[in-house]
A.B. asks: 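Structure in structure tokens, see below.
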Amino acid sequence: QVQLVESGGGLVQPGGSLRLSCVASGIIFRFSTMGWYRQPPGKQRELVATITGSGRLNYADSVKGRFTISRDSAKSTVYLGMNNLKPEDTAVYYCNTEFQEGQLRRAYWGQGTQVTVSS
């Protein structure tokens, strides 16, 4: 029922830019925290950025000043703008949503989109 569909990944050169999109369905978008996580090859999944329903932002130190998370309530879509990309940004990027459902905290994930930064 809850579905997150990512798009926008691809191959870019170092210093390039990319924008990822995640369309959410089956959630009350304005009450949900949306986020982007990534998993580099051979490494654990890590937080990239989150944005709450009220607009509070959180970024990993490694992407501050380079990445921008935003959301469009009318489209139930969260975006991740990525500038000055580095090879170490190469990873599968996953869209995430978290929300309170009664006394339970729910979390859902998209299938991911590959971002490769290479010359």
Side-chain angles (χ1 to χ4, degrees):
Q1 188 174 34
V2 176
Q3 190 171 31
L4 305 173
V5 181
E6 302 101 330
S7 63
L11 174 64
V12 296
Q13 295 183 347
S17 299
L18 210 58
R19 190 176 79 156
L20 307 181
S21 299
C22 172
V23 180
S25 60
I27 66 171
I28 305 175
F29 191 75
R30 68 184 185 277
F31 292 153
S32 303
T33 294
M34 305 298 299
W36 288 96
Y37 294 72
R38 67 186 182 187
Q39 186 168 21
K43 297 184 178 180
Q44 294 181 321
R45 185 170 56 195
E46 63 184 20
L47 182 146
V48 176
T50 61
I51 181 168
T52 69
S54 61
R56 188 163 64 100
L57 305 174
N58 183 46
Y59 293 95
D61 288 342
S62 60
V63 306
K64 285 182 178 178
R66 299 189 299 121
F67 290 13
T68 301
I69 189 170
S70 61
R71 60 195 292 162
D72 185 337
S73 295
K75 297 181 177 180
S76 295
T77 301
V78 62
Y79 304 95
L80 184 68
M82 302 182 292
N83 297 317
N84 191 25
L85 284 161
K86 305 174 180 180
E88 51 263 45
D89 294 319
T90 295
V92 178
Y93 283 70
Y94 295 93
C95 182
N96 164 266
T97 184
E98 295 186 9
F99 55 91
Q100 199 74 22
E101 189 175 84
Q103 293 180 270
L104 300 176
R105 186 73 174 176
R106 299 288 194 183
Y108 293 89
W109 300 88
Q111 292 188 352
T113 184
Q114 177 71 47
V115 172
T116 302
V117 185
S118 180
S119 298

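Because the structure is a prediction, the values reported are computed rather than measured. When a residue number appears, it is its place in the shown sequence, counting from 1.
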A.B. asks: Of all the heavy-atom pairs spanning S32 and R71, show the shortest one and how long it is.
C.D. replies: O-NH1, 2.9 Å

A.B. asks: How far apart are the closest heavy atoms of V48 and Y93, and which atoms are they?
C.D. replies: CG2-CE2, 4.2 Å

A.B. asks: Is there a side-chain contact between L11 and S118 (heavy atoms, below 4.5 Å)?
C.D. replies: yes

A.B. asks: Other residues, nucleotides and ligands only: do more than 12 of their heavy atoms fall within 6.0 Å of CD on Q44?
C.D. replies: no

A.B. asks: How long is the straight-line distance from CD of Q1 back to OG of S25, given to the nearest 0.5 Å?
C.D. replies: 9.0 Å

A.B. asks: In this structure, are over 12 heavy atoms from other groups packed under 6.0 Å from Q100 atom CD?
C.D. replies: yes

A.B. asks: Do R45 and W109 have side chains that approach each other closer than 4.5 Å (heavy atoms only, starting at C-beta)?
C.D. replies: yes

A.B. asks: Could you measure the distance from the OG atom of S17 to the CZ atom of R66? Nearest 0.5 Å is fine.
C.D. replies: 10.5 Å

A.B. asks: For G10 and L18, work out which heavy atoms get closest and say how close.
C.D. replies: N-CD2, 3.9 Å

A.B. asks: With a cut-off of 6.0 Å (strictly less than), are more than 12 heavy atoms of other residues, nucleotides or ligands near CD1 of I28?
C.D. replies: no

A.B. asks: Would you indicate whether the side-chain heavy atoms of M34 and C95 approach each other to under 4.5 Å?
C.D. replies: yes

A.B. asks: Within this structure, what is the OG1-CG distance for the pair T50 and N96, rounded to the nearest 0.5 Å?
C.D. replies: 9.0 Å

A.B. asks: With a cut-off of 6.0 Å (strictly less than), are more than 12 heavy atoms of other residues, nucleotides or ligands near CZ of R105?
C.D. replies: yes

A.B. asks: Where is the tightest heavy-atom contact between K64 and Y59, given as atom of each residue plus distance?
C.D. replies: CE-O, 3.4 Å

A.B. asks: I'd like to know if the side chain of T116 and the backbone of T90 have a donor-acceptor N/O pair within less than 3.5 Å.
C.D. replies: no

A.B. asks: Please tell me whether W36 and F29 are part of a single hydrophobic cluster in this structure, the criterion being side-chain heavy atoms less than 4.5 Å apart.
C.D. replies: yes

A.B. asks: Count I, L, V, M, F, W, Y as connected when their side-chain heavy atoms are under 4.5 Å apart, and connections chain through other members. Are V92 and Y37 then in the same cluster?
C.D. replies: yes

A.B. asks: With the side chain counted from C-beta on, respond yes when E46 and R38 share a heavy-atom pair under 4.5 Å apart, and no when they do not.
C.D. replies: yes

A.B. asks: Within the 4.5 Å heavy-atom criterion, are L85 and F67 side-chain neighbours or not?
C.D. replies: yes

A.B. asks: Please name the pair of heavy atoms, one in S70 and one in V78, separated by the smallest distance, quoted to 0.1 Å.
C.D. replies: O-CG2, 3.1 Å

A.B. asks: State the CZ-CD1 distance between R106 and I27, to the nearest 0.5 angstrom.
C.D. replies: 14.0 Å

A.B. asks: To the nearest 0.5 Å, what is the distance between CG (L104) and CZ (F99)?
C.D. replies: 10.0 Å

A.B. asks: Between K86 and D89, does a salt bridge (Lys or Arg N to Asp or Glu O under 4.0 Å) hold up when you go through it step by step?
C.D. replies: CA-CA 5 Å; K86 305 174 180 180; D89 294 319; over 6 Å; no

A.B. asks: For a quick test of reading the model, state the closest non-hydrogen atom pair linking L80 to A49 and the distance between them.
C.D. replies: CD1-CB, 4.4 Å

A.B. asks: Okay, side chain of E6, backbone of G112: is any donor-acceptor separation there less than 3.5 Å?
C.D. replies: yes

A.B. asks: In this structure, would L20 and Y94 fall into the same cluster of hydrophobic residues linked by side-chain contacts under 4.5 Å?
C.D. replies: no

